[in-house]
Amino acid sequence: MGVTVGEVTQNRVVEPIAEGVAASTAVIEAIAKLESTQPMALDITLYDAVDLDALDALCEGPAGEVGVSFVTDSYAVEVSSDTVIVKRR
């Protein structure tokens with residue numbers, strides 16, 4: 001099964017990380033999109049699952065060089081330097 005950037009289904013969202021946007025911010029925005037809400041309306045604490053500074057630092061490199069996966073609340077998250085994939089668990 002392939003991944004299409006910009007894909008949003010009932011259980012998964014695949015979003016590009018815009019230039020200048022921190023990976024941690026992109027994760028929150030992707031979860032909000034999956035839940036059809038605003039990021040500030042989410043009731044999750046991403047920092048309980050991953051070190052946000054480390055995530056941002058790892059994903060600052062050239063596209064495709066780093067991949068980070070983690071689980072938070074009800075989501076499985078995959079982050080690269082240019083894409084975020086969030087799946088409901």
Side-chain angles (χ1 to χ4, degrees):
M1 183 164 88
V3 174
T4 303
V5 175
E7 172 187 357
V8 180
T9 67
Q10 183 177 8
N11 294 310
R12 178 172 88 167
V13 63
V14 180
E15 286 290 300
I17 299 177
E19 189 172 328
V21 174
S24 57
T25 299
V27 169
I28 292 295
E29 290 172 349
I31 292 171
K33 188 168 193 172
L34 183 63
E35 297 301 333
S36 300
T37 192
Q38 296 296 314
M40 295 301 289
L42 291 172
D43 186 27
I44 64 169
T45 50
L46 193 58
Y47 58 83
D48 284 342
V50 66
D51 181 318
L52 301 179
D53 292 332
L55 176 65
D56 293 341
L58 284 170
C59 294
E60 285 180 352
E65 286 195 10
V66 174
V68 178
S69 300
F70 62 94
V71 175
T72 180
D73 295 326
S74 300
Y75 310 100
V77 180
E78 298 175 37
V79 186
S80 70
S81 54
D82 61 355
T83 308
V84 174
I85 301 172
V86 177
K87 301 174 191 171
R88 283 196 180 91
R89 297 185 330 131

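These values consider heavy atoms only, across backbone and side chains, with no hydrogens, waters or symmetry-generated copies. Keep in mind it's a predicted model, so treat the numbers as computed, not measured.
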Pairwise side-chain contact, Leu58 with Val79, heavy-atom cut-off 4.5 Å (strictly under): no
Shortest non-hydrogen contact from Ser24 toward Asp56: N-OD1, 2.8 Å
Where Val71 and Ala49 come nearest, the two heavy atoms and their spacing: O-CB, 3.3 Å
Leu34 to Arg12 - nearest heavy-atom pair and separation: CD1-N, 3.5 Å
Short side-chain to backbone donor-acceptor contact, Thr45 and Tyr47, under 3.5 Å: no
Distance-minimising heavy-atom pair for Glu78 and Ser69: CG-OG, 3.7 Å
Stepwise side chain to side chain contact (heavy atoms under 4.5 Å, CB included) check, Val68 with Leu55: CA-CA 8 Å; Val68 178; Leu55 176 65; 4.0 Å; yes
Non-hydrogen atoms of Ala30 and Val86 that approach each other most closely: CB-CG2, 3.7 Å
Sub-4.5 Å side-chain heavy-atom contact between Phe70 and Leu46: yes
Closest non-hydrogen atom pair, Ile28 against Pro39: CG2-CB, 3.7 Å
Test item: Leu42 and Thr37 side chains (from C-beta on) under 4.5 Å apart, heavy atoms: yes
Crowding at CG, Asp43 (>12 non-hydrogen neighbours, <6.0 Å): no
Beyond-backbone contact of Tyr75 with Ile44, side-chain heavy atoms, under 4.5 angstrom: yes
Close side-chain approach of Glu29 and Glu15, heavy atoms under 4.5 Å: no
